[in-house]
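Structure first, commentary second.
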Amino acid sequence: MAQSKRETERKYAAPAADDMAWLPDLAGAHPGASLVDRGIQDLDAVYYDTADLRLARGAATLRRRTGGADAGWHLKLPLAGDSREEVRAPLTGDVPDELRALVHSRTRGAPVRPVVRIRTTRSVRDLVDARGGALAELSLDTVRADSLVEGGGHAVWTEMEVELAEGGDPALLDGVEKILRKRGVDRAQSPSKLARALTETTPGAPGAEEPETDVVPGSAGAYLRDHLREQIRALVDLDPAVRRGAPDSVHRMRVACRRLRGALRSYRSVLDRDVTDPVRGELRWLAGELGPERDQEVLGERLHAGVRELPAELVLGPVAARLQAWDAAERAATRGRTLAALGAPRYTALLDRLSELDARPPLRAKARRRPEKVMVKSLVKEYGRLERRMDRALGMPPGPDRNAAVHRARKAAKRLRYAAEAARPALGRPARRLGKRVKAVQRVSGAHHDGIVAQDALRRLAVAAHAAGESSFTWGLLHGQERVRAAEREEQLPEVWERAGKARSSLS
């Protein structure tokens with residue numbers, strides 16, 4: 001089974017030397033720090049990618065490496081800043097199925113093959129503190145890269161890596177870099193060995209993108225294009241985390257789907273609907289498949305917290321055990337649904353469409369206009385849709401029909417909020433203020449809806465407990481608490497909606 005670790009490192013263009021005798025004293029990077037020689041390693045890695053290098057273009061690397069202490073398959077995925085997640089699998093002949101699945105959002109089902117072989121002679125030093133504890137690893141690498149595709153070439157260079165020890169303070173890297181710069185050692189221009197190897201040896205390697213002549217800088221289309229790209233890349237990057245069950249990953253991927261859908265809907269005047277409407281439909285499908293797992297996660301945590309907060313004398317019968325069994329069964333079912341969706345051809349087809357949307361956004365003539373006109377008009381329209389739904393909901397008497405109407409208004413609030421987020425880089429404070437106020441509407445109406453959903457789940461749990469001959473007292477008590485909380489959120493809604501209306505007026 002694959003294992004993962006967080007890797008935080010920086011690369012430098014080191015002098016061509018056989019050892020680290022040129023390396024300056026690094027004691028200034030940490031009190032009492034010193035270097036300890038760990039010897040020389042010979043590493044041999046074959047990197048895999050699609051024929052058109054989709055992994056490299058997506059800032060991911062997949063390699064089979066021998067030599068060193070961590071021989072095996074390594075998949076590196078980008079994280080924020082200088083960090084990456086490295087997923088490791090045992091050394092086998094072919095790409096492990098688990099790693100093949102984790103790169104699917106980038107390969108989109110295209111086969112991977114060897115593209116570059118990189119052999120490295122590595123001289124290693126550990127930077128340790130006064131007690132001998134590891135702070136960082138410094139590696140001087142002499143690298144030979146050989147392209148494995150037709151027409152490829154060779155390259156040789158020297159570089160240095162400084163990798164932070166597990167649990168180390170990232171500020172240490174700043175201290176090391178300050179010392180290195182004083183000695184004329186600068187950051188490497190390429191972010192990875194693979195990136196440099198491809199650039200210097202492989203035809204068609206990722207490089208500077210062709211300028212998009214149909215996108216006017218500072219226009220509504222330019223801002224919208226950037227927003228779409230950000231959300232598409234978020235969705236692609238989150239796919240491996242969702243497959244591995246990382247905390248909050250399903251929620252974040254679902255939000256990326258909704259932000260994309262919202263932008264494609266709200267800014268239809270800027271985009272060709274013949275292209276984007278089918279994409280919206282598929283994003284709605286994907287968000288719908290992800291929804292049950294996220295909803296169950298929220299509901300399960302809510303009910304478990306409710307039980308924990310009750311005095312022991314009010315918990316009658318095997319309440320915790322029944323809740324645990326129910327939650328585990330529901331989560332297993334919803335988890336299966338999520339993984340089935342990510343393994344479906346329909347999902348792969350959606351990824352292809354999103355890749356095309358990223359590369360060539362279907363902008364209409366209005367995309368060339370200033371955002372102050374185009375984007376404001378779209379926000380005003382979305383506000384009008386929300387206003388009609390909210391006024392209708394607040395004008396209804398309490399009950400199931402009003403609950404449903406509030407939920408519909410909540411969905412409209414989400415769309416307006418996402419539209420405001422897309423417009424914020426262009427419109428600044430007015431869009432930010434509107435988004436903040438509408439988020440409050442969404443939060444209150446969402447808490448109301450969560451309470452309604454919790455009441456329904458508690459009623460079903462009470463029925464099951466009663467049928468099994470158990471006391472249903474505790475379930476009824478929890479149901480009553482949820483009913484009170486939902487009513488409180490319902491009472492707050494007119495006030496937060498009024499504040500959102502004031503933010504709307506600042507748009508024009």
Side-chain angles (χ1 to χ4, degrees), residues 58 80 105 220-242 246 248-273 275-291 293-295 298 338 341-342 347 350-351 353-359 361-363 367 371 374-376 378-379 381-383 385-386 408-428 430-443 445-446 500:
S105 64
Y223 282 109
L224 184 58
R225 174 204 58 189
D226 292 345
H227 179 74
L228 293 176
R229 283 182 170 174
E230 180 182 356
Q231 300 312 315
I232 290 170
R233 291 171 187 177
L235 190 152
V236 169
D237 287 348
L238 284 165
D239 174 290
V242 171
D248 203 40
S249 58
V250 172
H251 170 60
R252 291 164 61 203
M253 189 176 191
R254 189 185 183 192
V255 168
C257 289
R258 286 174 167 171
R259 283 178 170 148
L260 277 168
R261 279 184 62 213
L264 296 179
R265 173 193 168 93
S266 298
Y267 298 105
R268 286 176 291 186
S269 64
V270 179
L271 299 164
D272 183 350
R273 291 187 61 180
V275 176
T276 60
D277 279 0
V279 178
R280 281 179 52 213
E282 293 306 283
L283 287 167
R284 180 178 183 180
W285 163 78
L286 178 57
E289 296 302 298
L290 297 173
E293 182 174 1
R294 171 59 180 171
D295 292 345
V298 172
T338 295
L342 298 189
Y347 175 62
L350 171 59
L351 291 172
R353 285 182 167 182
L354 291 176
S355 177
E356 180 69 18
L357 187 66
D358 186 345
L363 301 176
V374 177
M375 302 186 96
V376 167
S378 295
L379 291 177
K381 283 186 176 180
E382 287 294 353
Y383 181 88
R385 295 186 183 100
L386 170 58
R408 287 191 292 272
R410 176 199 179 198
K411 292 180 179 180
K414 282 184 180 181
R415 285 195 291 269
L416 176 54
R417 173 193 164 194
Y418 294 147
E421 288 178 349
R424 189 165 58 190
L427 304 182
R432 180 170 61 251
R433 185 165 179 255
L434 178 63
K436 183 178 179 181
R437 296 290 176 83
V438 173
K439 184 178 180 180
V441 174
Q442 177 190 333
R443 184 175 61 250
S445 57

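Computed from a prediction, not measured in an experiment: that's the story for all the values here.
Heavy-atom minimum distance, Pro371 versus Leu427: O-CD2, 3.8 Å. Shown here for Tyr267 and Ala423, the closest heavy-atom pair between the two residues is OH-CB, 3.5 Å. Contact record, Ser105 with Tyr347: CB-OH, 4.1 Å, taken as the closest heavy-atom pair. The two residues Leu260 and Gln231 make their nearest non-hydrogen contact at CG-CB, 3.5 Å. Pro278 and Arg353 get closest at one heavy-atom pair: CB-NH1, 3.3 Å. Closest approach of Ser378 and Ser269 over heavy atoms only: OG-OG, 4.1 Å.
Distance check: Arg225 CZ to Leu357 CG gives 12.0 Å after rounding to the nearest 0.5 Å. Put simply, OG1 on Thr276 and CG on Leu228 are 9.5 Å apart, with the number rounded to the nearest 0.5 Å. Rounding to the nearest 0.5 angstrom, the gap separating the OH atom in Tyr418 from the NE2 atom in His227 is 10.0 Å. Atom CE in Met375 sits 12.0 Å away from atom CZ in Arg424 (nearest 0.5 Å).
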Self-check item: Step-by-step side-chain contact (heavy atoms from CB on, under 4.5 Å) determination, Leu235 to Met253
Solution: CA-CA 5 Å; Leu235 190 152; Met253 189 176 191; 3.8 Å; yes
| message | Go through it in stages, so that I can follow the logic: the residues are Leu264 and Leu283, the test is side-chain contact (heavy atoms from CB on, under 4.5 Å), and I'd like the CA-CA distance, side-chain angles, deciding distance and then a yes or no. | response | CA-CA 10 Å; Leu264 296 179; Leu283 287 167; 4.1 Å; yes
| request: Please step through side-chain contact (heavy atoms from CB on, under 4.5 Å) for the pair Leu416 and Leu434, ending with a clear verdict. | output: CA-CA 9 Å; Leu416 176 54; Leu434 178 63; 4.1 Å; yes
### Message
For Val279 and Glu356: C-alpha separation, side-chain torsions, deciding distance, then whether side-chain contact (heavy atoms from CB on, under 4.5 Å) applies.
### Response
CA-CA 11 Å; Val279 178; Glu356 180 69 18; over 6 Å; no
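Between Gln442 and the options Lys414, Arg415, Arg437, a side chain to side chain contact (heavy atoms under 4.5 Å, CB included) holds for only Lys414.
Contact check on Arg280 versus Asp277 returns a salt bridge, with a Lys/Arg side-chain nitrogen under 4.0 Å from an Asp/Glu carboxylate oxygen. Contact check on Glu421 versus Arg259 returns a salt bridge, with a Lys/Arg side-chain nitrogen under 4.0 Å from an Asp/Glu carboxylate oxygen. The pair Arg233-Asp237 does not count as a salt bridge, with every side-chain nitrogen at least 4.0 angstrom from each carboxylate oxygen. Salt-bridge check for Arg385 with Glu382: passed, with a basic side-chain N closer than 4.0 Å to an acidic carboxylate O.
The closest donor-acceptor contact from the side chain of Ser355 to the backbone of Leu351 lies at 3.5 Å or more, if one exists at all.
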